[in-house]
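Notes to accompany the following structure.
Numbers for residues simply follow the sequence, beginning at 1.
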Amino acid sequence: MAVYWPYVPILAIIRSMLLWLLGSHNCISEVEKKIGSMREMGEKRRRGHLNPAGFAGGLHDHEEKKKNEEHKLDMSGMSMDALPHLTMSLGQVTILDLSNNNLESIPESIIARLLNVVVLDVRSNQLKSLPNSIGCLSKLKVLNVSGNLLESLPNTIEECRALEELHANFNELTKLPDTLGFELHSLRKLSVNSNKLAQLPSSTSHMTALRALDARLNCLRALPDGLENLANLEALNVSQNFQFLRELPYAVGLLASLRELDVSYNSIAALPDSMGCLTKLARFSAVGNPLVSPPMDVVEQGLDAMRAYLTARMNGGDGKRKKKAWLPKLVKYSTFTARMTPGRTRVHENTEGLLMSDYRSLNGIASPRFLTMLSPRRLFSPRRNSPKHC
């Protein structure tokens, strides 16, 4: 033991110097915590839990995730009949979850304070209306009001111009705001299934960013005009409108991006010929319809058979040769003779129609000059030189 005795003071001096450099034992513990945290992060990085681009990127993602979690206010599944008085600042909340409660209303003041909210989830409550202040949510991208008792949506929802998804399934909706599509140009998904809608607003055709439209289980009698404007629409579901929906508009076949179409369980007897042009269509269902054209057995053969049938019908019907127009035949057999005019060539035999200026004037008994002589007013009116009757 005597051999190692001189080293004891040296170790004590080194320890004292470390304490002096670090300040206190607390600093040592903090350093140990940081080292442990760095080791934990390194282990996560090794396992692929962090950004593979590098440690700095992974640390940034971790901080970003933590930041987002701090801005989420989750009050779901608390069996609340009414919202408590919230004294906290709501201006920083980006995600508000009030789902699965018994809320009958949401105070206007609370919604108006959610200036930075991006996601608002109030599904599965007892809401009969939404506050008009919802129009103040200029950054709102996702709104879920499904599973409530809503009969209509406030017109102020049009002010949520950043809205990308609107879910309003399983409500009592009888109509949507008429001008909904005029302002919601960013809307990508509109889901209003299981309601009482008799029609979709005509402004739906202005939702040019729309990719998915779900309107099944309603009372739709027709689809709005101008559907061909929905150039980005990929999924359309109007199934289970039962006896109400009897036909599809011609514009359905002009949805060039359409991949999924469900029209099952309606009262549709004929599909529009234009559907033969839906080359990207990959999923289609028409079961439960009294289809005559194309017959259901053709539809059951697959999309290619259905497209071929509709294309043939569009080009002349059931593979029969399309009849030629009768007007070129009249030209061919000189029933009408085109006359030469400066700058204009004679009409050829394969011309589909004639310009009005190309017709020869009629100077015979059927010309307007002679027809006026045979008019009843001229035949039965008294002559100018005859004596006037009293």
Side-chain angles (χ1 to χ4, degrees), residues 71-73 75-76 80 82-83 85-86 89-99 101 103-215 218 224 226 229-230:
H71 292 168
K72 179 179 180 180
L73 179 57
M75 302 176 68
S76 62
M80 294 184 298
L83 284 177
H85 179 65
L86 300 176
S89 175
L90 298 178
Q92 299 299 321
V93 175
T94 56
I95 301 175
L96 178 58
D97 190 350
L98 300 174
S99 63
N101 284 291
L103 300 175
E104 295 183 359
S105 63
I106 301 177
E108 297 270 0
S109 58
I110 289 181
I111 296 296
R113 290 159 59 190
L114 298 169
L115 299 179
N116 290 298
V117 72
V118 177
V119 178
L120 178 59
D121 189 350
V122 295
R123 70 181 188 274
S124 300
N125 279 282
Q126 302 294 319
L127 297 175
K128 295 182 179 180
S129 63
L130 294 178
N132 288 321
S133 57
I134 199 170
C136 299
L137 308 183
S138 59
K139 297 182 180 180
L140 186 64
K141 292 185 177 181
V142 180
L143 175 61
N144 194 334
V145 297
S146 299
N148 283 282
L149 304 173
L150 301 174
E151 295 183 0
S152 63
L153 298 177
N155 292 330
T156 53
I157 199 172
E158 301 168 5
E159 302 298 324
C160 304
R161 293 184 176 88
L163 197 63
E164 295 180 359
E165 296 184 17
L166 175 57
H167 304 268
N169 310 316
F170 294 98
N171 278 282
E172 303 292 328
L173 294 174
T174 57
K175 65 175 183 177
L176 297 176
D178 293 334
T179 55
L180 188 68
F182 293 145
E183 301 295 339
L184 301 184
H185 297 300
S186 300
L187 197 66
R188 297 163 61 91
K189 185 172 184 178
L190 176 60
S191 187
V192 290
N193 73 65
S194 307
N195 282 282
K196 299 178 180 179
L197 296 172
Q199 62 182 5
L200 296 174
S202 58
S203 61
T204 303
S205 60
H206 290 262
M207 300 178 183
T208 52
L210 201 63
R211 292 183 178 273
L213 174 58
D214 184 0
N218 277 283
N229 296 329
L230 306 183

Do side-chain atoms of [X] reach the backbone of [Y] as a donor and acceptor pair under 3.5 angstrom?
X      : Y      : result
Asn171 : Val145 : yes
Thr156 : Asn132 : yes
Asn218 : Leu173 : no
Ser133 : Glu108 : yes
Ser203 : Leu180 : yes
Asn125 : Asn148 : no

Taking all non-hydrogen atoms of both residues, which atom of [X] and which atom of [Y] are closest, and how far apart?
X      : Y      : result
Asn101 : Met75  : ND2-O, 3.0 Å
Leu210 : Leu190 : CD1-N, 3.8 Å
Ser205 : Gly226 : CB-O, 3.1 Å
Arg161 : Glu183 : NE-OE1, 3.0 Å
Pro177 : Glu158 : CB-OE2, 3.9 Å
Lys139 : Leu115 : CD-O, 4.0 Å

Non-hydrogen side-chain atoms of [X] and [Y] separated by less than 4.5 Å:
X      : Y      : value
Pro154 : Ile134 : yes
Lys196 : Glu172 : yes
Leu137 : Leu143 : no
Leu140 : Val117 : yes
Met80  : Leu103 : yes
Leu130 : Ile111 : no
Asn195 : Phe170 : no
His167 : Lys189 : yes

If I take atom [atom1] from residue [X] and atom [atom2] from residue [Y], how far apart are they, to the nearest 0.5 angstrom?
X      : Y      : atom1 : atom2 : value
Asn116 : Ile95  : CG    : CD1   : 12.5 Å
Thr204 : Leu184 : OG1   : CG    : 10.5 Å
Arg113 : Ser89  : CZ    : OG    : 7.5 Å
Ser105 : Leu127 : OG    : CG    : 7.5 Å
Lys72  : Leu96  : NZ    : CG    : 10.5 Å
Leu200 : Asp178 : CG    : CG    : 11.5 Å

Residues Glu165 and Lys141 bridged, charged N to O under 4.0 Å:
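A salt bridge is absent here (no side-chain N lies under 4.0 Å from a carboxylate O).
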Could you check whether atom CD of Glu104 has more than 12 heavy atoms from other residues, nucleotides or ligands sitting under 6.0 Å from it?
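Atom CD in Glu104 is not crowded, with 12 or fewer foreign heavy atoms closer than 6.0 Å.
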Please say which of Leu153, Leu197, Leu166 ends up in a side-chain contact (heavy atoms from CB on, under 4.5 Å) with Val192.
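With Val192 as partner, side-chain contact (heavy atoms from CB on, under 4.5 Å) holds for just one option, Leu197.
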Distance-only donor-acceptor check, side chains Asn169 and Asn193, under 3.5 Å:
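Indeed, the side chains of Asn169 and Asn193 share at least one donor-acceptor pair under 3.5 Å.
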